[in-house]
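Step one of this worksheet: look at the structure below.
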Amino acid sequence: MATRASFPEVASDFRPTLRERTIVHRIGDEAVVWSDLRPEPTLLDPVAAVMLDVIDGLATTAELIDDVQSVLGIDHFAARAQVKRVLNLFDDAGMLASSVPAELLLVELRPLLPEPDW
Amino acid sequence: MQADQQLTLDIGGNRLRVTTSDHDSADFLRRALADHVIEDDALLGFKLALTDPRGLTAHETPTRRDQSGLCVLMDCTGAILARSSDRNVVLAALTGHLAALNLSAPRWPISRYRLRALITSDHAVLVAAPLLTRPPVIERRLAKLGYRVADVPFVDIDAESLMLQPFDIAWPALAKLESGSGHASSRELAQPVTKLLWPARENASNPSPAQVVHAMAAATLSGNHQQRISGAEQLTEKIEVLPVRVGDDAATYRVLQAGHR
């Protein structure tokens with residue numbers, strides 16, 4: 001069983017990759033996307049739509065944060081918050097290679113048996 | 001107290017229950033839809049409620065068949081679809097919603113949208129929820145403005161011509177019923193879509209094209225994902241989107257009136 005891949009803290013060496021079977025329609029500076037893992041489409045705001053182009057499986061999140069910081073002219077913490085927000089948005093939309101199908105999403109994964117403490 | 005009549009139907013493989021406090025209507029539907037009546041239970045689809053001028057329900061009126069009351073058609077969410085003192089008008093409204101269950105999925109470039117529609121003599125206006133639902137539509141106000149609400153649960157639209165697709169009623173007794181003032185049957189839909197009424201919050205800016213495409217694609221009931229977004233894009237490019245403030249009871253009618261000038 002799988003859990004939602006959430007990004008409470010953005011791991012600096014994580015290399016997010018977009019799922020290939022996602023339909024993307026750019027409209028103005030926004031985009032409408034639809035993953036085969038989701039029953040409904042998702043609307044991407046302008047910042048998220050721009051990040052579609054830079055999430056390529058090669059750039060790490062640290063590099064993405066630097067890119068956002070320099071392109072948007074905001075400080076490191078604000079850039080980090082944006083990257084985290086967009087990665088969560090992409091994951092909710094089923095757009096990441098690590099995203100799970102909607103029917104497998106769980107709120108919390110509980111172990112069947114507690115771990116022994118020796 | 002009179003018990004509601006329950007009628008369980010299987011139409012096109014869709015099972016639903018119609019409940020009504022009006023025994024005459026129940027008998028009429030049972031005869032008209034005899035081929036679709038089943039014994040099994042099913043989830044509530046529609047309710048026909050009778051009220052009398054004193055505001056009492058048919059359960060509370062002293063006579064079982066009070067002809068002077070208001071007949072109200074509601075769907076399973078409680079949304080009011082039609083109101084009339086003539087029960088045949090309400091039955092006519094129910095007919096389109098039932099007949100739609102018999103339709104198979106349309107083929108591209110026609111797409112099916114979970115939207116309501118208003119029909120005039122030369123065009124159609126799409127209406128996104130919760131407009132026309134909360135508050136319920138007032139048929140006479142629509143009729144004064146030259147509009148009629150289409151008594152169907154969804155609309156099929158050709159993405160290239162923008163024409164709404166009409167459909168026939170297969171049941172002779174129900175097909176004879178005439179739509180009331182402010183209502184249009186499924187056979188009267190053949191008009192081009194020119195506008196979309198968009199529910200807007202107070203002080204919200206007009207929706208962006210991407211927002212409209214997203215909402216329309218999500219409201220599409222047929223086709224693959226690519227077709228749903230493409231159909232929504234084609235529609236959005238060609239029709240006028242009119243924001244209507246949610247919570248302002250008269251806003252819908254003001255926008256429609258302004259659009260007629």
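Just so we're on the same page: letters track the sequence lines, and every chain starts at 1. All heavy atoms count here, side chains included; hydrogens, waters and symmetry mates do not. No experiment lies behind these values; they were computed from the predicted model shown.
The interface of residues 160-171 of chain B with chain A, defined by heavy-atom distances below 4.5 Å, is empty. Inspection of non-hydrogen atoms places B:Ser208, B:Pro209, B:Ala210, B:Gln211, B:Val213, B:His214, B:Ala217, B:Ala218 of residues 202-221 of chain B under 4.5 Å from chain A. Contacts between residues 225-239 of chain B and chain A, defined by a heavy-atom separation under 4.5 Å, are made by B:His225, B:Gln226, B:Arg228, B:Ile229, B:Ser230, B:Glu233.
Neither the backbone nor the side chain of A:Thr22 comes within less than 4.5 Å of any heavy atom in chain B.
The number of heavy atoms from other shown groups lying within 6.0 Å of CZ (A:Arg26) is above 12.
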Let me have the donor-acceptor pairs involving side chains of residues 64-72 of chain A, under 3.5 Å, with sequence neighbours excluded, atom names and distances please.
residue	atom	partner	partner atom	Å
A:Ser70	OG	A:Asp66	O	3.4
A:Ser70	OG	A:Asp67	O	3.1

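Counting heavy-atom pairs closer than 4.5 Å to chain B, the top-ranked of the candidates A:Asp29, A:Ile23, A:Leu44, A:Asp36 is A:Ile23.
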